[in-house]
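Atoms within each ligand, like the ligands themselves, are counted from 1 in listed order. As a basis for the values below, the full set of heavy atoms in this structure was taken, side chains included, without hydrogen atoms, waters or symmetry mates.
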Amino acid sequence: MSAVILLGPPGAGKGTQAVRIGERLSIPVISTGEIFRSNMAEGTEIGKQAKSYMDRGEFVPDSVTNAMVKARLSAPDATQGFLLDGYPRNVEQARVLADFCEELGTHIGVVLEIQVDEDEVVARMLKRAEEQHRADDSEPVMRHRLEVYREQTEPVASFYADLDLLETVDGSGSIDEVSERIFTVLDARLGR
Ligand code: ADP
């Protein structure tokens, strides 16, 4: 098994689809946003470092994020492959990840980019804000996260397209419809 990477703007439904992909491929889902949130809830040093950035919709500095991901990828459950949700988010992280994979003796099998238009994404995030009360789901912070996505993370998609690893998936429609599209791509790329 290899590594699978999930890209897509905030609100694209990555978290939901990540769980389904992880189950289907029997690999752990590693979500940097989730790891940061649980560190914040537990009041750890990483949580304290991440909080002010997350609340503003900025990226946590690469030094913190990369070290955290490296530690997680070294855990025993990740030796048979893993799914990354929320990482890499900029080209520098993508380069660092390539080095980690080499050290671990694994490779990236496919990068899935979930595409959803911006109005839809904002509508979904506003709904999530009502349901989950996340500090970074206010409208100005959301708009800022989308901007950061365009500037920093879209180049990551191009980075993987150049390596012929990128597959884009239409993220509109129901959760099941999107999963079906993703599974079709995974079957074609990874074989079943
Ligand atoms: P969403 O999918 O809605 O963008 P996430 O839960 O993935 O939300 O991320 C929430 C926040 O966590 C980001 O806005 C950022 O502050 C921080 N974060 C998550 N992953 C990374 C990363 N790879 N690099 C830097 N910051 C990150």
Side-chain angles (χ1 to χ4, degrees), residues 3-22 28-42 44-73 82-101 108 111-157 159-160 169 171 175 178 182:
V4 177
I5 296 173
L6 201 50
L7 296 177
K14 291 193 299 294
T16 308
Q17 298 298 337
V19 173
R20 294 176 165 217
I21 299 167
V29 176
I30 300 176
S31 157
T32 44
E34 289 300 325
I35 302 177
F36 282 132
R37 277 187 288 280
S38 67
N39 273 280
M40 274 163 47
E42 288 163 23
T44 67
E45 195 49 44
I46 287 180
K48 285 179 199 151
Q49 286 171 335
K51 184 172 177 5
S52 61
Y53 297 99
M54 289 182 73
D55 287 352
R56 281 181 280 129
E58 302 283 349
F59 287 170
V60 179
D62 282 355
S63 56
V64 177
T65 307
N66 289 333
M68 182 180 86
V69 169
K70 186 169 192 185
R72 179 64 188 86
L73 295 184
F82 47 83
L83 172 69
L84 285 169
D85 161 23
Y87 186 92
R89 254 182 160 89
N90 61 31
V91 171
E92 176 56 23
Q93 292 181 4
R95 295 207 176 96
V96 168
L97 176 63
D99 292 342
F100 289 168
C101 285
I108 296 167
V111 177
L112 296 164
E113 183 189 28
I114 304 183
Q115 289 188 324
V116 186
D117 74 44
E118 201 160 315
D119 289 342
E120 172 69 24
V121 152
V122 172
R124 289 188 195 177
M125 281 195 282
L126 287 169
K127 186 157 169 269
R128 182 170 75 183
E130 277 176 24
E131 292 164 1
Q132 298 179 4
H133 307 292
R134 253 174 64 170
D136 60 350
D137 272 347
S138 71
E139 188 158 356
V141 176
M142 274 175 221
R143 296 266 176 209
H144 184 57
R145 281 159 63 209
L146 282 168
E147 245 172 62
V148 176
Y149 183 82
R150 249 184 272 122
E151 283 169 15
Q152 304 272 330
T153 313
E154 277 180 1
V156 175
F159 175 92
Y160 289 121
V169 175
I175 292 174
V178 178
I182 290 176

### Geometric cation-pi criterion Arg145 and Tyr149, 6.0 Å radius, 45° cone
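Judged by the rule, Arg145 and Tyr149 form no cation-pi pair.
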#### Entry: Which residues share a salt bridge (Lys or Arg N to Asp or Glu O under 4.0 Å) with Arg20, sequence neighbours left out
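Checked Arg20 against salt bridge (Lys or Arg N to Asp or Glu O under 4.0 Å); matches are Asp176.
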#### Entry: Residues in side chain to side chain donor-acceptor pair (under 3.5 Å) contact with Gln115, at least two apart in sequence or another chain
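Once residues adjacent in sequence are excluded, Gln115 has no partner under the side chain to side chain donor-acceptor pair (under 3.5 Å) criterion.
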### Non-neighbouring partners of Asp62 that pass side chain to side chain donor-acceptor pair (under 3.5 Å), sequence neighbours left out
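Expected list: Asn90, Gln93.
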### Task
Kindly compute the distance separating NZ (Lys14) from CD (Glu113), expressed to the nearest 0.5 Å.
10.5 Å
### Query
Does CZ belonging to Phe159 count more than 12 external heavy atoms closer than 6.0 Å?
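Yes, enclosed.
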### Task
Check each protein residue for a heavy atom under 4.0 Å from ligand 1 and list those that pass, ordered by chain and number.
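Under the 4.0 Å cut-off, ligand 1 touches Pro10, Lys14, Thr32, Gly33, Phe36, Arg37, Met54, Glu58, Phe59, Val60, Thr65, Gly86, Tyr87, Arg89, Gln93, Arg128, Arg134, Asp136, Arg145.
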